[in-house]
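Okay, so here's the structure we're looking at.
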Amino acid sequence: MTNISLEAPEVVRGQPYPGAPDNWKRFFTFSTDHKVIGIQYIVTSFFFFLIGGTLSMIMRGELITPDADLVDRTVYNALFTMHGSIMLFMWTFPVLVGLGNYLVPLMIGARDMAFPRLNAVSFWMVPVVGVLMLASFLVPGGPSQSGWWAYPPVSIQNPTGNLLNGQVLWILAVAISGVSSIMGAVNFVTTIFRMRTPGMTWFRTPAFVWSVLGAQLIQLYGLPALTGGAVMLLLDITIGTSFFAPERGGNPILYQHFFWFYSHPAVYVMILPVFGMFSEILPVHARKPLFGYRVIAASSILITVVSGLVWVHHMFASATPSWMRILFMVTSMLVAIPSGIKVFGWVATIWGGKIRFTTPMLFALGGISNWLFAGITGIFLASVPIDIHVNNTYFVVGHFHYVLYGAIVMGIYAGIYHWFPKMTGRMYYEGLGKLHFALTYLGTALTFLPMHPAGLMGMPRRVASYDLEFAYWNVLASLGGFLLGLSTLPFILNMVSSWIRGEKVGNNPWRAYGLEWLTSSPPTVENFEELPLVVSGPYGYGRNQPLVGNTPNPGLTEFPESLTAMQSDEL
Amino acid sequence: MSKLRAILIMTVYAILVTLASIWMAKQSYSWFPPEASAESKLLDDLFSLFTGLGTFIYLGVIGPFLYSLVFHRARKYDMSDGPPIEGNTWLEIVWTAVPLVLVLTLSFVSYRTYEKMAVRGPMELVHLHLPQIIQPAYAAPFDSTPQQEIENAVETAPIEEIDVTAKQWAWVFHYPKQDITSTELHLPVNRRVRFTLRSEDVLHGFYIPAFRLKQDVVPNHEIDFELTPVKTGTYRLRDSMFSGTYFAANQADVVVQPFNEYQQWLADAAAASPTPAFNQAAFEYSQANDQEGATKDNVVVRGWDTIPPASPPVVNYAPKHEPDSPPT
């Protein structure tokens, strides 16, 4: 850390490069400002969230009746494939990279990411992936219809015989997305290791930064496996190699290993930053330090390690020998321990605090309660005998949607609301926010709870039609799905109108600790005129302890006294 | 005084949570299809244990969580912070150690259940059994009847062998001793059955929810798979591994019947000459590709090209029509 200059740059640069626009147009440029890129990620991915959500509502429309009567079976198969692919590769990953991009440099007191141009390149690959995904609806034969797993042999069957088909476009999109994510991971890991401001030791680094580090390390070790698997699949389907094609002597199970070696840890790539946001949001709105901060921070890295050893639990039914089943059962169950540490720590954080039900707090609390439920059903799934019954049924669908929607999407909403005043300088409308929370929470329960009993009764996932015995649960889930669609409307209205004409609330409306709250809202181009000198841990609530020993942005005064105590006492 | 009250409240809550967990554990049996195999009883017991413990953990955490949300709210004009408590080493050790013990116990109990079910994986033939870790005498937390049923079935009668072929999109069952084929799976009650699972094209999943067992069928592999039906009736076999366009329609009925009726059925089937069976996928495909276009408008949104289904299997026995739904 010694090689970082403590001196403020002599000239306050207005823009990352000469002549760059200083208004909304900058979001449509190749900007290298991490804050612009962060918002580019968030807005782009939200657009695809709406597309993925629309696909899911068509699916729920099909499933509201037992027969395959709304869309053709091929269309249904394309819908669930593209729903899963878009929601993961175009929404959950990029939106969290966006939040990380925006927040990590601010939180560690850096002026930007380590490699700003690489950052911009990573982002601009995302729209390319999105265009490829959507373009696959237009090619002969339609988009990929083999599920987001793209398991061979189904994925290498090519009914049209065309070289240009949905599956090929899908593989290209996933490979490009993988390259983009690997570049992003290199950037994040370097930034977090090398660019923490003076005084920010590891155990003064906010829990969110720890969790982003944990997540991005997974990208580094996991994504090469998936990308390699995808390339082999591409060769199988295009030039007829025989990696996975059984009729040519290939082994389709091998693909499953490549796929899940990354794609199970990928779940932690998505949940870890959300855990980090919970850990940031709870102390602010409960006015208490994060309970067991060091253990919570370290447990993120523990999850990174353990999650690399659990992938076969997706393959308990896939011709997997017994010893492997039992081994991976135990490792999968071990994930419950770092996850449990976090949940208990959060409960202890709010215990005895001074809780305010702001919208970000409600979303964080709702997300934690959903995560608790999803974590428990996750332990069920880790057990080999139980998994042999519920594997590939709606029980699994219910479980992972509780993780992805109940915990992750709610955590993303919590983060967006919490840092909205920082990103825009304006406050969102609390009433609309609470309405959004109520609809989302109810919609999540109504959509995804009924999937659990349907799965226990034996309804397989990915079916376009089903037996009459499952109709009751499916009608409930469909109604819930439409409610979730509706729930995005108050959010969109809130974001758009409060960005344009919301109340201006200054630089630190939450009276929060954290370096990101020590700069203006929205922050200036390089965040800090002078690098902050961190003198204490990140959650000083109730201690009246200064966070920094200098004034990173002279002239800004709207901070709680405790944060700038040094100013009056010592400077 | 307030400490006493806190202890009292916690004790009462713990009792309530325990009662609720026991109730949920009992309820969990009603969430499943009928217990039609010996293995299904073992699974339902295991699931019940998980449900009870899961409920206990859920309520144990959500109770203090909600209590805090109700009673630890900031007053309207109170801008002060809460107490600066940063952690508690003992508490943190406890909530690391207790889950660790818990999940190791659950792993162990799951492993015991798995052993008792004696689910045969595809590589079981090379005998890669885990070493027996503990004496079975005190490692049997559940009712041992199902295991007894499995052992009785194995000891009293020869194992019934049935070949299962999965393809896009049909199930064909071949009884090698009598050399007959069927699109409906008939099984004798209380006998151990060994399936040899084969796939002609892609991955399929052999899944009978009433038996609680599932095994993916992998092309180029022959997978042995055993189970013991213990309850007569008609159940449903579903393809559980996504296998392409008509995946959802790839189902078959499973009829578990007394041994004498099963024998009779085998004899009748042997006497019948092979005929093409009804096949849902082939039926729908032919309708969708009907030149007249008469039935093309069955769905609102039309589809794309698909891999054509295999022609309907020619078998000795086929149910008269498309498979019925299982009894509710």
Side-chain angles (χ1 to χ4, degrees), chain A residues 69-75 141-142 147 153-154 157 159-160 246 287-289 291-292 295 317-319 321-323 326 329-330 333 336-337 340-341 344 347 350-356 372 376 380 383-386 388-389 392 453 456-458 460 462-465 467-469 541-543, chain B residues 31-33 43 46-47 50 54 57-58 61 64-65 68 72-74 81-84 86-87 92 95-96 99-100 103 107 110-111 113-114 121-123 128 130 202 205 209 212-216 218-221 238 240-242 244-246 248 299-307 325 328:
Chain A
D69 44 13
L70 179 63
V71 296
D72 184 77
R73 289 182 191 275
T74 53
V75 177
V154 169
Q157 289 185 323
T160 57
R287 312 304 307 169
K288 257 187 84 199
F291 192 99
V295 187
S318 316
S322 284
W323 67 269
I326 303 298
M329 167 170 79
V330 178
M333 291 228 181
I337 290 152
I341 288 173
F344 297 132
V347 175
I350 62 168
W351 184 265
K354 305 211 167 182
I355 298 167
R356 280 189 187 80
L372 177 63
I376 290 170
F380 283 56
S383 167
V384 174
I386 296 177
I388 286 178
H389 175 55
N392 276 351
L456 291 178
M457 290 300 290
R462 301 183 165 173
V463 289
S465 58
D467 290 334
L468 202 56
E469 58 176 323
Y541 299 95
R543 282 196 186 289
Chain B
W31 304 339
F32 287 98
L43 185 274
L46 183 70
F47 193 89
F50 271 68
I57 297 167
Y58 184 80
V61 176
F65 183 77
S68 179
H72 301 155
R73 307 270 296 277
D81 288 350
E86 294 190 335
E92 285 163 39
W95 71 44
T96 308
L100 180 66
V103 295
S107 300
S110 301
Y111 167 68
T113 302
Y114 183 75
M123 319 220 172
L128 282 165
L130 279 183
V202 298
R212 314 283 190 277
L213 289 174
K214 176 185 291 128
Q215 174 61 52
D216 289 359
V218 183
N220 290 352
H221 279 254
R238 298 199 174 92
S240 62
M241 174 54 81
F242 179 69
T245 308
Y246 297 98
V299 293
V300 181
V301 178
R302 300 246 295 274
W304 289 289
D305 289 346
T306 171
I307 295 288
S325 279
T328 44

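By convention in this document, chain letters (A, B, ...) are assigned in the order of the sequence lines, proteins followed by strands, and residues within each chain are numbered from 1. Worth knowing before you read on, the calculation uses all heavy atoms, side chains too, and leaves out hydrogens, waters and symmetry mates.
A heavy-atom distance below 4.5 Å is not found between the side chains of B:Ser110 and A:Val384. At least one side-chain heavy atom of B:Tyr114 sits under 4.5 Å from a side-chain heavy atom of A:Ile388. Using a 4.5 Å cut-off on side-chain heavy atoms (C-beta onward), B:Thr306 and A:Arg73 make no contact. With contacts defined as side-chain heavy-atom distances shorter than 4.5 Å, the pair B:His72/A:Lys288 does not qualify. A:Arg356 is listed as a side-chain neighbour of A:Arg287, based on a closest heavy-atom distance under 4.5 Å.
Note on B:Pro99, B:Pro219, B:Pro83: by heavy-atom pairs under 4.5 Å with chain A, the leading option is B:Pro83. Put simply, of A:Gly141, A:Ala317, A:Ser383, the one with the most heavy-atom pairs under 4.5 Å next to chain B is A:Ala317. Most heavy-atom pairs under 4.5 Å with chain A: of the set B:Asn220, B:Ile307, B:Thr96, this distinction falls to B:Ile307. Interface check for chain B: of the options A:Ile350, A:Ile341, A:Ile337, A:Ile355, the most heavy-atom pairs under 4.5 Å are formed by A:Ile355. Note on A:Pro460, A:Pro246, A:Pro385: by heavy-atom pairs under 4.5 Å with chain B, the leading option is A:Pro385. With respect to chain A, the highest number of heavy-atom pairs below 4.5 Å among B:Gly205, B:Gly244, B:Pro33, B:Ala74 belongs to B:Ala74. Most heavy-atom pairs under 4.5 Å with chain B: of the set A:Gly458, A:Ser465, A:Gly340, this distinction falls to A:Gly458. The choice from B:Phe47, B:Phe242, B:Phe32 that makes the most heavy-atom pairs within less than 4.5 Å of chain A is B:Phe242.
Residue contact with chain A, scored on non-hydrogen atoms closer than 4.5 Å, involves the side chain of B:Leu43 exclusively. Only the side chain of A:Val295 comes within contact range of chain B, with at least one heavy atom under 4.5 Å from a heavy atom of that chain. Interface residue B:Glu92: only side-chain heavy atoms are found under 4.5 Å from chain A. With a 4.5 Å cut-off on non-hydrogen atoms, A:Ile376 touches chain B through its side chain but not through its backbone.
Atoms CE and OG, on A:Met329 and A:Ser322 in that order, are 10.5 Å from each other to the nearest 0.5 Å.
Between A:Phe380 and B:Trp31, a ring centre-to-centre spacing not shorter than 6.0 Å is recorded.
A donor-acceptor pair under 3.5 Å is absent between the side-chain atoms of B:Ser240 and the main chain of A:Asn392, judged by distance alone.
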